[in-house]
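These values consider heavy atoms only, across backbone and side chains, with no hydrogens, waters or symmetry-generated copies. Numbering of residues begins at 1 and proceeds along the displayed sequence.
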Amino acid sequence: MGYELRVVRESPLAFAELAKAIAPAGFELRGSEEIVAGHGGGTHAVARWHGQLVGEPGSDWQVAQLLRLATALGARLMGEDGEVYALRDGVIEVSTGGSVVEIGKFEEIIDAGPSAWSP
């Protein structure tokens, strides 16, 4: 299992609420637990539902999609070590321990698509 990012809300998210909220944001539900987003004529996994939304991103595109999903649900995107992912002035940032690191421009990352990180 890879590094997990979680979509965290103040109030719990019910599955019915999730299913209703993701479609207008451009996401689809595949099966009963996988959230996917389209790019380049295909669909790509973004998160899975197990009572909460969890993603194991393998690309900046997946991080950007998770952030977009969290925003659509009125939630925050958090890493398993407590870092917070946010969008500020069109740039994805990660805040942890008082420092902020920029990942990149949101639109450029979305346009680039889900190419995997290299080792």
Side-chain angles (χ1 to χ4, degrees):
M1 179 159 42
Y3 191 80
E4 292 185 340
L5 299 180
R6 292 179 172 82
V7 175
V8 179
R9 287 181 24 133
E10 296 299 320
S11 59
L13 182 66
F15 183 77
E17 184 181 3
L18 168 74
K20 190 185 304 182
I22 63 171
F27 296 96
E28 298 175 25
L29 188 60
R30 185 185 319 169
S32 63
E33 62 182 44
E34 190 172 43
I35 308 298
V36 298
H39 184 81
T43 56
H44 306 273
V46 173
R48 65 185 185 286
W49 173 259
H50 291 291
Q52 66 177 1
L53 284 171
V54 178
E56 292 180 33
S59 69
D60 286 345
W61 181 86
Q62 287 173 310
V63 172
Q65 293 291 356
L66 281 163
L67 184 55
R68 193 167 69 88
L69 181 58
T71 300
L73 297 172
R76 293 177 293 147
L77 183 61
M78 299 187 68
E80 59 187 53
D81 293 329
E83 67 276 15
V84 178
Y85 292 73
L87 185 63
R88 185 190 330 233
D89 299 325
V91 176
I92 299 173
E93 298 179 337
V94 182
S95 301
T96 183
S99 65
V100 175
V101 175
E102 292 183 355
I103 292 179
K105 293 182 179 179
F106 180 83
E107 290 300 327
E108 289 176 4
I109 291 169
I110 291 293
D111 290 345
S115 56
W117 290 315
S118 52

Atom CG of Asp81: over 12 foreign heavy atoms under 6.0 Å: yes
Using the rule given for salt bridge (charged side-chain N to carboxylate O under 4.0 Å, His left out), can you reason through Glu4 versus Arg6, listing the C-alpha separation, both sets of side-chain angles and the distance that settles it, and then say yes or no? CA-CA 6 Å; Glu4 292 185 340; Arg6 292 179 172 82; 2.7 Å; yes
Determine the minimum heavy-atom distance between Arg9 and Gly74, stating which atoms define it. CG-O, 4.1 Å
On a heavy-atom basis, the closest approach of Leu77 and Val63 is CD2-O, 4.0 Å
Does one hydrophobic cluster hold both Val36 and Leu67, with members joined at side-chain heavy-atom distances below 4.5 Å? no
Closest non-hydrogen atom pair, Leu73 against Ala21: CD2-CB, 3.4 Å
Show the numbers, then the answer: is there a side-chain contact (heavy atoms from CB on, under 4.5 Å) between Leu66 and Tyr85? CA-CA 9 Å; Leu66 281 163; Tyr85 292 73; over 6 Å; no
Could you see if Val46 belongs to whatever hydrophobic cluster contains Val54? Use Ile, Leu, Val, Met, Phe, Trp, Tyr and a side-chain cutoff under 4.5 Å. no
In this structure, would Ile110 and Leu69 fall into the same cluster of hydrophobic residues linked by side-chain contacts under 4.5 Å? yes
When the side chains of residues 92-102 are checked against the rest of the protein, which donor-acceptor pairs come out under 3.5 Å, sequence neighbours left out?
from	atom 1	to	atom 2	distance (Å)
Glu93	OE1	Arg88	NE	3.0
Glu93	OE1	Arg88	NH2	3.0
Glu93	OE2	Arg88	NE	3.4
Ser99	OG	Thr96	O	3.0

CD of Glu28 to OG1 of Thr43, rounded to nearest 0.5 Å, is 6.5 Å
Stepwise side-chain contact (heavy atoms from CB on, under 4.5 Å) check, Arg48 with His50: CA-CA 7 Å; Arg48 65 185 185 286; His50 291 291; 3.5 Å; yes
Is there a side-chain contact between Phe15 and Leu29 (heavy atoms, below 4.5 Å)? yes
Can you get from Leu53 to Tyr3 by hopping between Ile, Leu, Val, Met, Phe, Trp and Tyr side chains that sit under 4.5 Å apart? yes
Contact list for residues 59-77, test side-chain hydrogen bond (donor to acceptor under 3.5 Å, both in side chains), sequence neighbours left out: Asp60-Trp117, Gln65-Arg68
Shortest non-hydrogen separation from Ala75 to Val7 and the atoms involved: CB-CG1, 3.5 Å
Check Pro12 against Glu17 and note the closest heavy-atom contact, atom names and distance. O-OE1, 4.1 Å
In the single-linkage hydrophobic clustering (I, L, V, M, F, W, Y; side-chain heavy atoms under 4.5 Å), do Met78 and Trp49 co-cluster? no
Checking the side chain of His39 only, and the main-chain atoms of His44 only, is there a donor and an acceptor separated by less than 3.5 Å? no
